[in-house]
Colleague: 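Handing you a structure now.
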Amino acid sequence: MALAPSSSGSEPVIAEVEMKNAGADQAATTVRATVVQASSVFYDTPATLDKAEKFIAEAAGNGSQLVVFPEAFIGGYPHGCTFGLAIGNRTAKGKEDFRKYHAAAIEVPGPEVSRLASLAGKYKVFLVMGVVERAGYTLYNTALFFDPLGKYLGKHRKLVPTALERVFWGFGDGSTLPVFDTQLGKIGALLCWENKMPLARTAMYAKGIQIYCAPTADASPTWVASMTHIALEGGCFVVSANQYCRRKDYPPPPEYTFGGLDEEPSPETVVCPGGSVIVSPSGTVLAGPNFDGEGLVTADLDLGDIVQAKFDFDVVGHYSRPEVLSLVVKTDPKPAVSFTASSADGEKGDDALQA
């Protein structure tokens, strides 16, 4: 276990790809993985990117090859914000809050994605970054993936936002459920409570995931139990990143207010206490959970441990019963509008418009 407190010209973005046949000999591979547990600079995306670089540089300086950030780190997780919503009513302030939140989100691809790709290349790390993605006027809770060569590999959009999240985030679909075959192993991610969806997890296991990233906003005591179960169930390493933030990390009232509380929190009140953790395929907690503040949570992952875990239990291998239980995963995009032109119009096939 290693727990370290924090010290406080871009390459072009490439098309989304899966890295086929890029894996190394996993039996001899050890990967140093780091979780960044820190808060966003809310409503200030450039400052958040600067903060991200400091943590990436620190992790790389410690020899980390994989760096995982929390859910919605770029764009911010809006703890306590109601966006002025009640059934049958939306307030003017709530609409203005959403306008500012929309402005802080990023487009994929876009200049912020280019900078993140450049940072991954500069510090020679595989980077998993939680962002708020802006696609037109809809926002998505998204994880972005970058390789140590400074290339953007692809994204995962959260399938089901939880509770009030459904008001300000759209729903992902099966077209963004990648597992990337990299020199570090097979890496993918599910976000926060979609990790509680058994069929979503099964899809990731079936893709051979070895390093299962779980950016989250859940700091409850049961979260570590969930991460331990997933590691055991999937026979994989689980790397879970959460923010540690205080009330002062958000704009002061009345610009930003916390709903559902008897009184406005003081600036030092902990809004999210973290709990970032790294778990082995045997269910051993290798690092964390950290509830002490911002910092880095680091562990060395011996991918040979996966083989031993699969010998005991391979959920999509010798422990599956496909003649009894099966899963179909629909990975085609689900656009809201499709335009179809006839050959007489000089077009070929379907021209689909999608977010």
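Please read all numbers here as calculations on a predicted model, not as lab measurements.
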Colleague: Under the ring-ring contact (aromatic ring centres under 6.0 Å, His included) rule, what do Phe291 and Trp223 come out as? Steps first, then yes or no, please.
Modeller: CA-CA 13 Å; Phe291 293 103; Trp223 184 252; over 10 Å; no
Colleague: Is it true that, when you exclude Arg166 itself, more than 12 heavy atoms of the residues, nucleotides or ligands shown sit nearer than 6.0 Å to its CZ?
Modeller: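 Check passes, neighbour count above 12.
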Colleague: Do the two ring centres, one from Phe98 and one from Trp169, sit under 6.0 Å apart?
Modeller: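 So the answer is no for these two rings.
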Colleague: Please determine whether residues Tyr244 and Met227 belong to a single hydrophobic cluster, defined as Ile, Leu, Val, Met, Phe, Trp and Tyr linked transitively by side-chain heavy-atom distances below 4.5 Å.
Modeller: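 Shared cluster, no.
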Colleague: Check whether Ser320 reaches the backbone of Gly317 with its side chain - one donor and one acceptor, N or O, closer than 3.5 Å.
Modeller: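 Checked: pair present.
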Colleague: Kindly compute the distance separating CZ (Phe237) from CD1 (Ile306), expressed to the nearest 0.5 Å.
Modeller: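 That separation rounds to 5.5 Å.
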Colleague: Whether the side chain of Asp305 engages the backbone of Gln308 through a donor-acceptor N/O pair (distance < 3.5 Å, no angle test) should be reported.
Modeller: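 No, because the side chain of Asp305 does not come within donor-acceptor range (under 3.5 Å) of the backbone of Gln308.
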Colleague: Do NZ/NE/NH1/NH2 and the carboxylate oxygens of Lys334 and Asp332 come within less than 4.0 Å?
Modeller: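 A salt bridge links Lys334 with Asp332.
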Colleague: Determine, step by step, whether Phe145 and Leu127 satisfy the side-chain contact (heavy atoms from CB on, under 4.5 Å) criterion, reporting the C-alpha distance in whole Å, the side-chain angles of both residues, the deciding distance to 0.1 Å, and the verdict.
Modeller: CA-CA 6 Å; Phe145 301 84; Leu127 176 63; over 6 Å; no
Colleague: State whether a side-chain donor-acceptor pair under 3.5 Å links Ser40 with Gln243.
Modeller: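 Judged by distance alone, the side chains do pair up.
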Colleague: Could you tell me whether the side chain of Thr34 and the main chain of Ser64 form a donor-acceptor pair under 3.5 Å?
Modeller: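 Here the side-chain-to-backbone pair does not exist.
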Colleague: Return the orientation label for the Tyr250 and Phe42 ring planes: parallel under 30°, perpendicular over 60°, tilted otherwise.
Modeller: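 Because their plane-to-plane angle lies in the 30° to 60° range, the rings of Tyr250 and Phe42 count as tilted.
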Colleague: What closest approach, in Å, do Pro281 and Ala309 show between heavy atoms, and which atom pair accounts for it?
Modeller: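 Closest approach of Pro281 to Ala309: CB-CB, 3.6 Å.
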Colleague: Begin with the C-alpha distance, continue with both residues' side-chain angles, and end with the deciding distance and a verdict on salt bridge (charged side-chain N to carboxylate O under 4.0 Å, His left out) for Asp50 and Arg115.
Modeller: CA-CA 10 Å; Asp50 290 342; Arg115 182 174 179 193; 2.9 Å; yes
Colleague: I need the Asn195 CG to His229 NE2 distance, nearest 0.5 Å.
Modeller: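 The CG atom of Asn195 sits 11.0 Å away from the NE2 atom of His229.
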Colleague: Check whether more than 12 heavy atoms from other residues, nucleotides or ligands sit under 6.0 Å from atom CD of Glu323, and answer yes or no.
Modeller: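 Yes.
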Colleague: Should Leu191 and Met129 be regarded as members of a common hydrophobic cluster, given that ILVMFWY residues are connected when their side-chain heavy atoms come within less than 4.5 Å of each other, either directly or indirectly?
Modeller: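 Unlinked, Leu191 and Met129 end up in two clusters.
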Colleague: Evaluate Glu165 against Tyr77 for side-chain hydrogen bond (donor to acceptor under 3.5 Å, both in side chains), listing each step before the verdict.
Modeller: CA-CA 10 Å; Glu165 292 175 359; Tyr77 190 89; 2.6 Å; yes
Colleague: Does the gap between the ring centers of Phe83 and Tyr101 come in under 6.0 Å?
Modeller: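 Ring-ring flag for Phe83/Tyr101: true, centres closer than 6.0 Å.
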Colleague: Among side-chain atoms of Ser175 and Thr331, is any donor-acceptor pair under 3.5 angstrom?
Modeller: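 Thr331 and Ser175 do not have a side-chain donor-acceptor pair below 3.5 Å.
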Colleague: Would you say Thr182's side chain and Gly185's backbone share a donor-acceptor pair under 3.5 angstrom?
Modeller: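 Yes, Thr182 side chain to Gly185 backbone: donor-acceptor pair under 3.5 Å.
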Colleague: Indicate, with yes or no, if Val316 and Leu325 share a hydrophobic cluster defined by side-chain heavy-atom contacts under 4.5 Å among Ile, Leu, Val, Met, Phe, Trp and Tyr.
Modeller: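 No, Leu325 and Val316 fall in different hydrophobic clusters.
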Colleague: Does this structure show an ion pair linking Glu194 with Arg201, if we count only N-O contacts that are shorter than 4.0 Å?
Modeller: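 No salt bridge links Glu194 with Arg201.
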Colleague: Enter the distance from Ile106:CD1 to Leu144:CG here, rounded to the nearest 0.5 Å.
Modeller: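 Reported value, rounded in 0.5 Å steps: 5.5 Å.
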Colleague: Without hydrogens or angle criteria, can the side chains of Ser220 and Asp218 be said to hold a donor-acceptor pair below 3.5 Å?
Modeller: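 Side chains of Ser220 and Asp218: pair found under 3.5 Å.
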Colleague: Would you call the rings of Tyr205 and Tyr212 parallel, tilted or perpendicular if under 30° counts as parallel and over 60° as perpendicular?
Modeller: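 Judged by the thresholds at 30° and 60°, the geometry between Tyr205 and Tyr212 is tilted.
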Colleague: Apply side-chain contact (heavy atoms from CB on, under 4.5 Å) to residues Val239 and Val35 and explain how you reach the verdict.
Modeller: CA-CA 7 Å; Val239 181; Val35 167; 3.3 Å; yes
Colleague: For the atom pair CD1 (Ile187) and CD (Gln210), what is the distance rounded to the nearest 0.5 Å?
Modeller: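 Rounded to the nearest 0.5 Å, the CD1-CD separation comes to 9.0 Å.
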Colleague: As a quick check of understanding, evaluate side-chain contact (heavy atoms from CB on, under 4.5 Å) for Val279 and Val277, giving each step before the final call.
Modeller: CA-CA 7 Å; Val279 188; Val277 68; 4.1 Å; yes
Colleague: May I ask you to decide if Gly94's main-chain N or O and Thr91's side chain share a donor-acceptor pair within less than 3.5 Å?
Modeller: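 Yes, the answer is positive, given that a donor and an acceptor are paired below the 3.5 Å cut-off.
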Colleague: Grouping I, L, V, M, F, W and Y whenever their side-chain heavy atoms are under 4.5 Å apart, do Leu232 and Ile278 come out in a common cluster?
Modeller: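 Shared cluster, no.
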Colleague: Is Lys95 atom NZ crowded by more than 12 heavy atoms from other residues, nucleotides or ligands, each under 6.0 Å away?
Modeller: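 No, because the 6.0 Å sphere around NZ of Lys95 holds 12 heavy atoms or fewer from other groups.
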Colleague: I'd like to know if the side chain of Lys207 reaches the main chain of Leu177, judged simply by a donor and an acceptor atom lying under 3.5 Å from each other, with no hydrogens or angles considered.
Modeller: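 Between the backbone of Leu177 and the side chain of Lys207 there is a qualifying donor-acceptor contact (under 3.5 Å).
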Colleague: Would you sort out whether Glu268 and Arg247 count as a salt bridge (charged side-chain N to carboxylate O under 4.0 Å, His left out), showing the intermediate values?
Modeller: CA-CA 6 Å; Glu268 296 299 325; Arg247 174 64 183 89; over 6 Å; no
Colleague: Could you give me the CA-CA distance, side-chain angles and deciding distance for Lys93 and Glu96, then say whether salt bridge (charged side-chain N to carboxylate O under 4.0 Å, His left out) is met?
Modeller: CA-CA 5 Å; Lys93 182 182 184 304; Glu96 174 61 14; over 6 Å; no
Colleague: Quick check: does any side chain N or O of Lys155 sit under 3.5 Å from a backbone N or O of Pro178, one acting as donor and the other as acceptor?
Modeller: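 Judged by distance alone, no pair lies under 3.5 Å.
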Colleague: Taking the inter-plane angle between the rings of Tyr256 and Tyr43 on a 0 to 90° scale, is it parallel (under 30°), tilted (30 to 60°) or perpendicular (over 60°)?
Modeller: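 Tyr256 and Tyr43: perpendicular rings.
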Colleague: Can you confirm whether Trp193 sits close enough to Val160 that some side-chain heavy atom of one is under 4.5 Å from a side-chain heavy atom of the other?
Modeller: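 No, every pair of side-chain atoms sits at 4.5 Å or beyond.
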Colleague: Judged by atom type as modelled, is there a donor-acceptor pair below 3.5 Å linking the side chain of Asp147 to the main-chain atoms of Gly150?
Modeller: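 Yes.
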Colleague: Under a 4.5 Å cut-off applied to non-hydrogen side-chain atoms, are Pro215 and Phe69 in contact?
Modeller: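 No, side chains not in contact.
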Colleague: According to the interplanar angle, ranging from 0 to 90°, do the rings of Tyr152 and Phe146 count as parallel (below 30°), tilted (30 to 60°) or perpendicular (above 60°)?
Modeller: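 Taking Phe146 first and then Tyr152, their aromatic rings sit tilted (interplane angle of 30° to 60°).
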Colleague: Can you find a side-chain donor-acceptor pair between Tyr319 and Arg321 that sits under 3.5 Å?
Modeller: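 Tyr319 vs Arg321: no donor-acceptor pair found between side chains.
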Colleague: So, does Asn89 use its side chain to make a donor-acceptor pair with the main chain of Ala86 at under 3.5 Å?
Modeller: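 Checking the backbone N and O of Ala86 against the side chain of Asn89, no donor-acceptor pair under 3.5 Å is found.
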Colleague: Is it true that the side chains of Thr269 and Ser266 contain a donor and an acceptor less than 3.5 Å apart?
Modeller: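 On atom types as modelled, these side chains qualify, holding a pair under 3.5 Å.
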Colleague: Give the cluster check for Leu119 versus Phe73: same hydrophobic cluster or not, with ILVMFWY residues linked at side-chain heavy-atom distances below 4.5 Å.
Modeller: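 Yes: a chain of side-chain contacts under 4.5 Å links Leu119 to Phe73.
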Colleague: Could you check whether any side-chain N or O of Thr82 sits under 3.5 Å from a backbone N or O of Gly84, counting only pairs where one atom can act as donor and the other as acceptor?
Modeller: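 Yes; judged by distance alone, with no hydrogens or angles, the pair exists.
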Colleague: Name the orientation class of the two ring planes belonging to Tyr137 and His102 (parallel below 30°, tilted from 30 to 60°, perpendicular beyond 60°).
Modeller: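 It falls in the parallel class, under 30°.
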Colleague: How many angstroms lie between atom CD of Gln37 and atom SG of Cys245, to the nearest 0.5 angstrom?
Modeller: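 It comes to 9.5 Å.
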Colleague: Is it true that, when you exclude Phe313 itself, more than 12 heavy atoms of the residues, nucleotides or ligands shown sit nearer than 6.0 Å to its CZ?
Modeller: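 Yes - once you tally the heavy atoms of other residues, nucleotides and ligands closer than 6.0 Å, there are more than 12.
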Colleague: So Ile211 and Leu66, side-chain contact (heavy atoms from CB on, under 4.5 Å) or not? Walk me through it.
Modeller: CA-CA 10 Å; Ile211 303 176; Leu66 169 67; 3.6 Å; yes
Colleague: Out of Thr176, Leu190, Asn141, which residue meets the side chain to side chain contact (heavy atoms under 4.5 Å, CB included) rule with Lys158?
Modeller: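 Option passing the side chain to side chain contact (heavy atoms under 4.5 Å, CB included) with Lys158: Asn141.
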Colleague: Rounded to the nearest 0.5 Å, what separates atom OG1 in Thr202 from atom CD in Glu233?
Modeller: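 Those atoms lie 6.0 Å apart.
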Colleague: Applying side-chain hydrogen bond (donor to acceptor under 3.5 Å, both in side chains), run through Glu294 and Ser39 and close with a yes or a no.
Modeller: CA-CA 8 Å; Glu294 290 194 337; Ser39 67; 3.1 Å; yes
